[in-house]
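Down below is the structure, laid out as structure tokens.
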Amino acid sequence: MSVERIFDEYGHFKRFQACLYFAAVFQAIACGIHYLASVFLVETPNFVSIVPGNITDVLYGNATGSTLESILPLIKPAGGPLVVRTSEGEQWELSQCSCDLRIAPQNFTYDFNGNKTTKECSGNFVYDRSEVYQSIVTDWDLVCEKEWLAKLCQPTFMLGVLVGAVLFGDIADRFGRVKIMMLTSLCQFGFGVAVAFSLNYYFFVVLRFLLAMVSSGYLVVVFVYVTEFTGSKVRTWTSMHIHAAFAVGIMVVALTGYLVRVWWIYQIILSVCTSPFLLFCWKFPETPFYLMAKGRYKETQALLDMIARFNGLECRLKAEDLLEPAKLENGKPLLEKEGEENPAQSEKKLSFLDLFGSWRMVGRTCTVWAIWFIGSLGYYVFSLGSVNLGGNQYINLFLAGAVELPSYLIGCFAMDRIGRKKTCAPALILAGVACMLIIVVPADINALAVALSMIGKFAVAIAFGLIYLYSCELYPTVIRSLAVGTGSMMCRVGSVVAPFCVYLADVWVYLPQLIVGILAFIIGVLTLLLPETLGKPLPSTLEEAEALGRDPSKKKSATDKDAEDGMELSKHEAKA
């Protein structure tokens with residue numbers, strides 16, 4: 001008997017579980033929103049440093065105007081400076097972070113071959129408001145020598161994601177899943193709205209860090225929550241499609257960014273998108289696994305009655321039916337003595353070195369960690385970097401979220417039919433090939449570059465979604481939580497590195513995708529060396545885990561040989 005019996009009696013995914021699942025996953029949309037919101041929060045529009053005096057004429061190539069605002073939308077990234085004339089007759093060449101004063105110009109023309117005096121920017125700038133009316137960059141002038149502050153926003157957010165995953169995962173095991181889901185949901189709303197009213201950059205970064213912690217905490221806990229409320233027959237699907245809700249959040253960011261061009265209004269709208277969840281999350285029940293583990297049998301029985309009524313079934317299951325038989329004899333657990341006699345085994349359960357217990361396990365662990373890393377790195381590079389691919393940045397980001405939805409459907413089908421390894425390895429190799437093909441795309445064909453990038457995101461999303469389950473199946477019970485925990489840490493490292501990788505687009509617009517592509521291809525080939533776990537029972541011991549993927553015929557022949565040696569030995573002993 002075990003808690004899993006609940007699903008055999010009352011259904012693996014009936015009305016009760018479905019309602020809880022979709023309500024809990026609905027709030028996961030907020031996590032996708034806040035993770036990617038910085039794409040437009042810290043957007044830097046065209047800008048130039050301005051000079052004292054009233055500007056009367058402006059030149060940019062063949063374009064002329066009387067104000068900077070009328071010409072700024074025409075500036076190209078690789079173009080020349082703006083030439084302006086003031087009411088005092090001075091002529092200046094304006095760049096983003098410097099101003100050149102022309103010495104004794106004869107005519108007001110764009111090209112000038114005479115002497116110039118260069119002055120550093122005064123800290124005053126004019127921004128192009130046609131695309132981005134107001135961002136934190138334009139509000140706090142995070143350009144030139146302050147540009148690094150704007151670029152630091154997303155890495156600090158991802159650092160908060162790492163801290164939140166470690167912190168709230170442990171707290172949820174101590175105090176319950178529901179309490180942490182309620183706390184993190186409430187804090188997501190509170191910190192999300194508070195970010196919009198940040199008085200300065202430093203308040204903004206601190207509030208975003210706290211927002212990252214609670215968003216990551218919710219995402220970690222909801223994954224456990226829905227897993228413990230759905231049966232094994234649908235667990236692959238339910239766990240994979242939490243990521244689909246995250247992708248919907250990315251699409252919401254793109255749509256809201258297109259409609260709202262003022263950052264603080266944009267932030268408020270994003271924060272209230274999932275606020276209805278706060279009205280009913282306090283009605284969520286605790287999971288049966290947690291209640292039974294804590295010995296809260298009366299609450300477990302009340303939950304069983306509720307599930308039966310909601311699913312329209314007769315309540316014939318009792319809480320004591322879910323206990324292991326050893327725990328029922330005389331009302332005392334019989335496993336205590338065993339634990340006292342064999343302390344080494346429980347100590348071994350927490351040993352980090354068991355992940356590297358043999359050369360076979362060393363290769364497996366390094367490969368699994370690499371998949372976690374490239375899955376996270378590729379996911380966020382494709383998402384954050386989609387706005388740099390050319391064309392309409394809002395459509396690009398929307399597509400980056402939309403391509404994930406079919407990827408999880410295809411990933412689930414493939415995992416259950418052709419296997420975990422045969423799904424993960426081709427997905428990573430496809431991502432690598434698609435990204436490396438971007439090199440040969442002509443600069444004027446943006447649509448093809450975007451299409452290849454979306455193929456890469458599609459493939460990486462498959463690998464990123466399945467590695468959670470694959471990691472559980474590759475390691476034995478004694479170190480399974482440790483294996484998934486360390487893999488998740490590598491995942492967070494990838495998310496912290498991703499923004500810095502995206503900034504390499506300043507060197508070459510496709511360089512981030514190229515780096516991800518090369519790494520994905522190499523790791524995809526290494527994944528082919530992992531054992532297949534489809535249809536195989538979860539390993540309980542290190543020996544069973546190491547035996548995964550070994551040739552059964554070799555194993556059988558070795559066993560036969562041992563048997564023959566034993567028989568020969570018996571014959572000699574009998575003769576003696």
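Just so you know, these numbers use all the heavy atoms, side chains as well, and skip hydrogens, waters and symmetry mates.
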If you look at every heavy atom in [X] and [Y], which pair is closest and at what distance?
X: Ile374; Y: Val516; answer: CD1-O, 3.9 Å
X: Leu270; Y: Val253; answer: CD2-CA, 4.2 Å
X: Ala247; Y: Gly401; answer: CB-O, 3.4 Å
X: Leu405; Y: Ala244; answer: CD2-O, 3.7 Å
X: Pro499; Y: Met158; answer: CG-CG, 4.3 Å
X: Val58; Y: Ser66; answer: CG2-C, 4.1 Å

Does [Y] offer a backbone N or O that forms a donor-acceptor pair with the side chain of [X] under 3.5 Å?
X: Ser376; Y: Trp372; result: no
X: Asp57; Y: Val84; result: no
X: Thr56; Y: Arg85; result: yes
X: Tyr408; Y: His241; result: no
X: Asn54; Y: Ser87; result: no
X: Ser495; Y: Arg492; result: yes
X: Gln267; Y: Gly192; result: yes
X: Arg177; Y: Val221; result: no
X: Thr156; Y: Cys153; result: yes
X: Ser216; Y: Ala165; result: yes

Is there any ring pair (Phe, Tyr, Trp, His ring centres under 6.0 Å) pair reaching into residues 245-274, and which pairs are they, with sequence neighbours excluded?
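Passing the test, one end in residues 245-274: Tyr35-Phe246, Trp140-Trp263, Phe204-Trp263, Phe246-Tyr379, Tyr258-Tyr394.
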
Considering only distance and modelled atom types, tabulate donor-acceptor pairs under 3.5 Å from the side chains of residues 21-32, sequence neighbours left out.
| unit_1 | atom_1 | unit_2 | atom_2 | d |
| --- | --- | --- | --- | --- |
| Tyr21 | OH | Thr238 | O | 2.9 |
| Gln27 | OE1 | Thr274 | OG1 | 3.2 |

Atom CZ of residue position Phe47 - does it have more than 12 heavy atoms of other residues, nucleotides or ligands inside 6.0 Å?
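Atom CZ in Phe47 is crowded, with more than 12 foreign heavy atoms closer than 6.0 Å.
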
Should we count OH of Tyr503 as having more than 12 external heavy atoms under 6.0 Å?
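Atom OH in Tyr503 is packed in, count exceeds 12.
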
Assess the side chains of Tyr127 and Asp141: does a donor N or O sit below 3.5 Å from an acceptor N or O?
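Their side chains do contain a donor-acceptor pair, which is all the 3.5 Å distance test asks for.
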
With a 3.5 Å cut-off and sequence neighbours excluded, list the donor-acceptor pairs that the side chains of residues 145-152 form with protein atoms.
| unit_1 | atom_1 | unit_2 | atom_2 | d |
| --- | --- | --- | --- | --- |
| Trp148 | NE1 | Glu145 | O | 3.3 |
| Lys151 | NZ | Asp506 | OD2 | 2.7 |

If the condition is side-chain hydrogen bond (donor to acceptor under 3.5 Å, both in side chains), which residues does [X] pass it with, not counting sequence neighbours?
X: Thr138; value: none
X: Ser453; value: none
X: Ser383; value: Lys457
X: Gln91; value: Arg102

If I take atom [atom1] from residue [X] and atom [atom2] from residue [Y], how far apart are they, to the nearest 0.5 angstrom?
X: Leu409; Y: Ile462; atom1: CG; atom2: CD1; answer: 10.0 Å
X: Ser198; Y: Leu207; atom1: OG; atom2: CG; answer: 5.0 Å
X: Phe464; Y: His243; atom1: CZ; atom2: NE2; answer: 6.5 Å
X: Ile55; Y: Leu94; atom1: CD1; atom2: CG; answer: 6.0 Å
X: Asp128; Y: Leu74; atom1: CG; atom2: CG; answer: 9.0 Å
X: Ser98; Y: Asp100; atom1: OG; atom2: CG; answer: 5.5 Å

CA sep, side-chain torsions, deciding dist, call: Ile268, Ser271, side-chain contact (heavy atoms from CB on, under 4.5 Å)
CA-CA 5 Å; Ile268 291 174; Ser271 299; 5.7 Å; no

In sequence, state the C-alpha distance, the side-chain angles, and the governing distance for Phe284 and Met182, and then conclude on side-chain contact (heavy atoms from CB on, under 4.5 Å).
CA-CA 9 Å; Phe284 274 30; Met182 290 171 59; over 6 Å; no

Intermediate values then yes/no, ring-ring contact (aromatic ring centres under 6.0 Å, His included), Trp282 and Phe277
CA-CA 9 Å; Trp282 60 276; Phe277 178 80; over 10 Å; no

Just wondering, do [Y] and [X] contact through their side chains at under 4.5 Å, heavy atoms?
X: Tyr60; Y: Val83; result: no
X: Phe500; Y: Pro155; result: yes
X: Val178; Y: Thr287; result: no
X: Leu162; Y: Met489; result: yes

Among pairs that include at least one residue of [range], which meet salt bridge (Lys or Arg N to Asp or Glu O under 4.0 Å), considering only residues two or more places apart or in two chains?
range: residues 249-275; answer: Glu131-Arg261
range: residues 215-226; answer: none
range: residues 21-43; answer: none

Do NZ/NE/NH1/NH2 and the carboxylate oxygens of Arg129 and Glu69 come within less than 4.0 Å?
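Not counted as a salt bridge, because no side-chain N and carboxylate O are separated by less than 4.0 Å.
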
Option among Leu377, Leu514, Leu428 that satisfies the side chain to side chain contact (heavy atoms under 4.5 Å, CB included) test with Leu519
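Result for side chain to side chain contact (heavy atoms under 4.5 Å, CB included) with Leu519: Leu377.
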
Could you walk me through whether Phe458 and Glu404 satisfy the side-chain contact (heavy atoms from CB on, under 4.5 Å) test, starting with their C-alpha distance in whole Å, then the side-chain angles of each, then the deciding distance to 0.1 Å, before giving a yes or no?
CA-CA 6 Å; Phe458 171 87; Glu404 288 186 49; over 6 Å; no

Just jot down the salt bridge (charged side-chain N to carboxylate O under 4.0 Å, His left out) partners of Glu90, sequence neighbours excluded, or say none.
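By the salt bridge (charged side-chain N to carboxylate O under 4.0 Å, His left out) rule, Glu90 matches no residue at all.
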
Taking only residues two or more places apart in sequence, or in another chain, which ones meet Arg208 in a salt bridge (charged side-chain N to carboxylate O under 4.0 Å, His left out)?
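With sequence neighbours excluded, Arg208 shows a salt bridge (charged side-chain N to carboxylate O under 4.0 Å, His left out) to no residue whatsoever.
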
Yes or no on side-chain contact (heavy atoms from CB on, under 4.5 Å) for Phe168 and Ile180, after CA distance, side-chain angles and deciding distance?
CA-CA 7 Å; Phe168 286 103; Ile180 302 306; 3.8 Å; yes

Could you walk me through whether Thr230 and Gln17 pass the side chain to side chain donor-acceptor pair (under 3.5 Å) test, one step at a time?
CA-CA 6 Å; Thr230 53; Gln17 293 100 313; over 6 Å; no

